[in-house]
Student: 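Here you go, one structure.
Excluded from the calculations below are hydrogen atoms, water molecules and symmetry mates; all remaining heavy atoms, backbone and side chain alike, are included. Naming convention: chains lettered A, B, ... in sequence-line order (proteins, then strands); numbering from 1 in each chain.
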Amino acid sequence: MDGKEVLLMGWVRDIRDLGGIRFIVLQDRLGRIQITVPESDVDEKTLAKSGSLHRQDCIAVRGTVRKMEKAPRGVEIVPKEIRILGIAKQPLPLDVTGKTPAEIDVRLDARVLDLRSDKGQAIFKIRHTVLEATRSFLSRKGFLEVNTPKIIASATEGGAALFPIVYFEREAFLAQSPQLYKEELIIDFEKVFEIGPAYRAEKSHTRRHITEFISIDIEEAFATADDVMKVAEELMYHVCKTVHEKCGEELRVLGHKVDLPRLPLKRLTYSEVIEELQKKDVKIEWGEDIPTAAFRTLGKIHPYFYFITDWPTRLKPFYIKPRDDDPEISEGFDLMWSWIEIASGGTRVHKKEVLIKRLKEQGLHPESFKYHLQAFDYGMPPHAGWAIGLERLVMMLTGIKNIREVVLFPRDRFRLTP
RNA sequence: GCCCUGGUAGUAUAGUCCGGCCUAGUAUAGGCGGCUGUCGCCCGCCCGACCCGGGUUCAAAUCCCGGCCAGGGCGCCA
């Protein structure tokens with residue numbers, strides 16, 4: 001490449017002006033290169049242009065590649081022409097090089113600039129890799145990718161609060177989950193998956209909650225909880241392995257390591273968890289939900305992936321199947337990572353009369369599930385599935401402690417912009 | 001919904017407990033000047049801030065009250 005003329009486009013990351021010589025660090029999506037401007041070796045117009053640049057200006061540089069041991073990558077570009085394509089208003093709201101830190105709130109307000117940082121670039125390359133690995137894994141397993149409506153007619157599912165929206169002259173809601181649709185679709189396609197947004201109008205204010213997140217959902221016909229747990233753990237292994245192999249540089253930037261899980265993952269029953277917590281002086285009555293503090297304790301005992309199975313039926317939604325030998329216990333499970341729940345799923349109820357009974361037990365009205373129940377009239381097979389929170393998985397893979405950092409433009413209780 | 005913490009230049013911080021020494025310090029960014037091998041370049045000069053409103057006091061960034069905003073936690077989270 002030495003002596004070759006090249007045309008580069010990118011953003012000015014840093015300028016070091018030594019008087020007779022000026023160094024401009026140019027950054028694009030692939031990396032950085034040093035533009036060296038020696039006073040004695042560059043025409044006047046280009047020299048003047050190089051002197052008028054600011055950090056984060058978008059520029060095009062036509063110049064000559066020069067082999068140079070003293071340059072950061074062993075090569076540098078001596079410009080023949082510099083064109084300013086877009087200027088950056090000074091002073092910038094934050095320091096993209098990360099030398100002067102900025103708080104999360106400041107960073108999110110200037111998100112497009114913030115994302116130019118090494119950390120931002122690394123996080124979203126890893127996120128892309130997770131999505132790519134997930135799609136190829138599930139496709140290879142025979143799952144069909146589907147998209148279900150995010151605008152829904154009624155708030156029938158219970159549980160988490162939905163966001164109401166104005167839909168012409170009616171009220172509608174943003175979907176909190178593709179649960180009902182994906183179950184219906186297995187009577188046509190047997191194995192489906194969806195990667196799409198889910199909305200929760202919860203007033204949670206923590207580092208692991210947002211109101212709009214991406215849910216990775218699967219549903220599989222002729223399958224049980226055990227079958228889909230295998231799919232989940234194999235997917236976790238595949239994703240960790242892919243990120244480990246493809247994102248070495250990104251992980252280095254983040255100072256994070258991804259360990260490959262050993263399969264099969266630990267499977268603890270709800271009762272075993274209660275017992276383990278008892279030993280740590282955390283008392284939970286059988287049938288009670290496990291509070292956050294208890295999960296934190298549990299996460300110390302089990303620092304990586306594990307399943308919690310055999311949850312009390314009353315703690316699970318209506319579509320989770322109670323066990324045939326003990327209806328107090330369900331075939332629902334959660335996939336945990338340390339103290340954080342990253343997935344939940346289970347065998348589903350596939351008999352219409354049982355489903356109607358379960359709906360009533362949970363105080364819901366079967367008549368508002370008319371279209372969902374209709375699917376059970378046309379040969380509903382036994383089935384199972386799960387949903388993984390993409391962002392929580394990405395947090396685990398990047399070591400990022402705040403979920404909003406792994407979302408481009410996060411939405412939470414208080415943030416609706418940018 | 002509840003609880004805790006905080007709001008000082010573009011950014012990040014010191015000062016707040018215990019009012020006066022604050023004409024508000026420092027770093028970085030920005031502007032100007034100098035410097036031909038930097039890579040967190042260096043050196044000099046300059047610009048730039050006490051969230052808002054009320055109160056206490058001779059005196060408020062500092063204490064009190066209200067508001068707004070933010071961070072975190074709990075609850076909630078099919």
Student: With both distances kept under 3.5 Å, what pairs with B:rU38, Watson-Crick or G-U wobble?
Tutor: none
Student: What is the distance, to the nearest angstrom, from the NZ atom on A:K67 to the C1' atom on B:rG37?
Tutor: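 Those two atoms, NZ and C1', are 18 Å apart.
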Student: What is the distance, rounded to the nearest whole Å, between atom CD of A:Q34 and atom P of B:rU36?
Tutor: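 Taking CD of A:Q34 and P of B:rU36, I get 16 Å after rounding.
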Student: Take atom CG of A:D57 and atom P of B:rG30, then tell me their distance rounded to the nearest Å.
Tutor: 11 Å
Student: With distance as the sole criterion, is a donor-acceptor pair present between the side chains of A:Q27 and A:R116 under 3.5 Å?
Tutor: no
Student: Counting side-chain heavy atoms from C-beta on, which of B:rA78, B:rA12, B:rU38 comes nearest to A:Q176?
Tutor: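 Nearest listed nucleotide: B:rA78.
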Student: What nucleic acid atoms does A:P101 come within less than 4.0 Å of, heavy atoms only: base, sugar-phosphate, or nothing?
Tutor: sugar-phosphate
Student: Just checking A:A198: base, sugar-phosphate only, or nothing, at a heavy-atom cut-off of under 4.0 Å?
Tutor: nothing
Student: From B:rA78, B:rG37, B:rU38, pick the nucleotide closest to the side chain of A:T36?
Tutor: B:rG37
Student: If you assign each of A:L53 and A:I15 to its closest nucleotide in RNA chain B, which residue comes earlier from the 5' end?
Tutor: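 Mapping each residue to its closest nucleotide by heavy atoms, the 5'-most match is A:L53.
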Student: Ignoring hydrogens and angles, tell me if any N or O in the side chain of A:E328 forms a donor-acceptor pair with the backbone of A:T313 under 3.5 Å.
Tutor: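 Checking the backbone N and O of A:T313 against the side chain of A:E328, no donor-acceptor pair under 3.5 Å is found.
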Student: From CG of A:L113 over to P of B:rU11, roughly how many Å is that when rounded to an integer?
Tutor: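 The distance from CG of A:L113 to P of B:rU11 comes to 12 Å, rounded to the nearest Å.
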Student: Could you measure between the two C1' atoms, the one in B:rC64 and the one in B:rC2, and give it in whole Å?
Tutor: 25 Å
Student: For B:rG75, what is the paired nucleotide under Watson-Crick or G-U wobble rules, both distances under 3.5 Å?
Tutor: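 Its partner is none (no Watson-Crick or G-U wobble pair with both distances under 3.5 Å).
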Student: May I ask you to say what A:D14 touches in the nucleic acid, namely base, sugar-phosphate or nothing, with a heavy-atom cut-off under 4.0 Å?
Tutor: sugar-phosphate
Student: On a whole-Å scale, what distance lies between the C1' atoms belonging to B:rU16 and B:rU5?
Tutor: 15 Å
Student: Salt-bridged, A:K80 to A:E5, with N to O below 4.0 Å?
Tutor: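 A salt bridge is present here (some side-chain N lies under 4.0 Å from a carboxylate O).
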Student: If only side-chain N and O atoms count, and only distance matters, is there a donor-acceptor pair under 3.5 Å linking A:S215 with A:D217?
Tutor: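 Side chains of A:D217 and A:S215: pair found under 3.5 Å.
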Student: I'd like the P distance from B:rG15 over to B:rU26, given in whole Å.
Tutor: 15 Å
Student: Take atom C1' in B:rG31 and the same atom in B:rC50, then report the distance between them in whole Å.
Tutor: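 Going atom to atom, C1' in each nucleotide, I get 24 Å.
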Student: Within the 4.0 Å heavy-atom criterion, would you say A:R66 contacts the bases, only the backbone, or no part of the nucleic acid?
Tutor: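 Base contact - A:R66 has a heavy atom under 4.0 Å of at least one base atom.
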Student: Between A:R314 (side chain only) and A:G287 (backbone N and O only), is there a donor and an acceptor less than 3.5 Å apart?
Tutor: yes
Student: Let's go through A:F318 and A:F369 carefully: what are the C-alpha distance in whole Å and the side-chain angles of both, what is the deciding distance for ring pair (Phe, Tyr, Trp, His ring centres under 6.0 Å) to 0.1 Å, and is it a yes or a no?
Tutor: CA-CA 12 Å; A:F318 69 87; A:F369 290 82; 5.3 Å; yes
Student: According to the Watson-Crick and G-U wobble definitions, with both distances under 3.5 Å, which nucleotide is paired to B:rU5?
Tutor: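 The answer is B:rA70, by the H-bond criterion.
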Student: Measuring only the C1' atom in each nucleotide, how far is B:rG48 from B:rG25? A whole number of Å is fine.
Tutor: 14 Å
Student: In plain terms, say whether A:D2 and A:R66 are close enough for a salt bridge, that is, a side-chain N and a carboxylate O under 4.0 Å apart.
Tutor: no
Student: Given the C1' atoms of B:rG19 and B:rG55, what is the spacing between them in whole Å?
Tutor: 15 Å
Student: Across all strands, who's sitting opposite B:rG44 as a Watson-Crick or G-U wobble pair, both distances under 3.5 Å?
Tutor: B:rC32
Student: Only one of A:E183, A:E190, A:K191, A:K321 passes side chain to side chain donor-acceptor pair (under 3.5 Å) with A:H383; say which it is.
Tutor: A:E183
Student: Can a side chain N or O of A:R16 be found less than 4.0 Å away from OP1 or OP2 on B:rC41?
Tutor: yes
Student: For nucleotides 70-75 of chain B, give me one character per nucleotide, 5' to 3': B if any protein heavy atom sits under 4.0 Å from the base, S if the only such contacts are to the sugar-phosphate, - if neither.
Tutor: SBBBBB
Student: Could you measure between the two P atoms, the one in B:rA27 and the one in B:rC63, and give it in whole Å?
Tutor: 27 Å
Student: Suppose you measure atom C1' in B:rC42 against the same atom in B:rA60; what distance do you get, rounded to whole Å?
Tutor: 41 Å
Student: Tell me which nucleotide, if any, is Watson-Crick or G-U wobble paired with B:rG25 when both distances must be under 3.5 Å.
Tutor: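 B:rG25 is paired with B:rU13.
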Student: For B:rC63, what is the paired nucleotide under Watson-Crick or G-U wobble rules, both distances under 3.5 Å?
Tutor: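 Matched B:rC63 with B:rG55 under the 3.5 Å cut-off.
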Student: Could you tell me whether A:E234 and A:K141 make a salt bridge, using a distance below 4.0 angstrom between a side-chain N and a carboxylate O?
Tutor: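 Judged by the 4.0 Å cut-off on N to carboxylate O distance, A:E234 and A:K141 do form a salt bridge.
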Student: Toward the 5' end of RNA chain B, which comes first, A:R413 or A:L92, by nearest nucleotide?
Tutor: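 Going by which nucleotide is closer to the 5' end, it is A:R413.
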Student: Between A:I216 (CD1) and B:rA78 (P), how many Å, whole number?
Tutor: 18 Å
Student: Would you kindly check whether a donor in the side chain of A:E76 faces an acceptor in the base of B:rG37, or vice versa, at under 3.5 angstrom?
Tutor: yes
Student: For A:M68 and B:rC39, give me the distance from atom CE to atom P, rounded to whole Å.
Tutor: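 Distance check: A:M68 CE to B:rC39 P gives 16 Å.
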Student: Can you check whether any acceptor in the base of B:rU36 is under 3.5 Å from a donor in the side chain of A:S40, or vice versa?
Tutor: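 Yes, a donor-acceptor pair under 3.5 Å.
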Student: Output the rounded distance in Å from CG (A:D114) to C1' (B:rA29).
Tutor: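 Interatomic distance, CG of A:D114 to C1' of B:rA29: 16 Å.
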Student: Looking at A:E76 and A:K70, does any basic side-chain N land under 4.0 Å from a carboxylate oxygen?
Tutor: no
Student: Nearest to the side chain of A:V106 - B:rA78, B:rG37, B:rA12?
Tutor: B:rA12
Student: Within this structure, what is the NZ-to-P distance between A:K99 and B:rG40, rounded to whole angstrom?
Tutor: 8 Å
Student: Could you tell me whether the side chain of A:R55 has a donor or acceptor atom within less than 3.5 Å of a complementary atom in the base of B:rG10?
Tutor: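 No, no donor-acceptor pair under 3.5 Å.
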Student: Compare the minimum distances between each of B:rG30, B:rG37, B:rA78 and the side chain of A:L18, then state the nucleotide with the smallest one.
Tutor: B:rG37
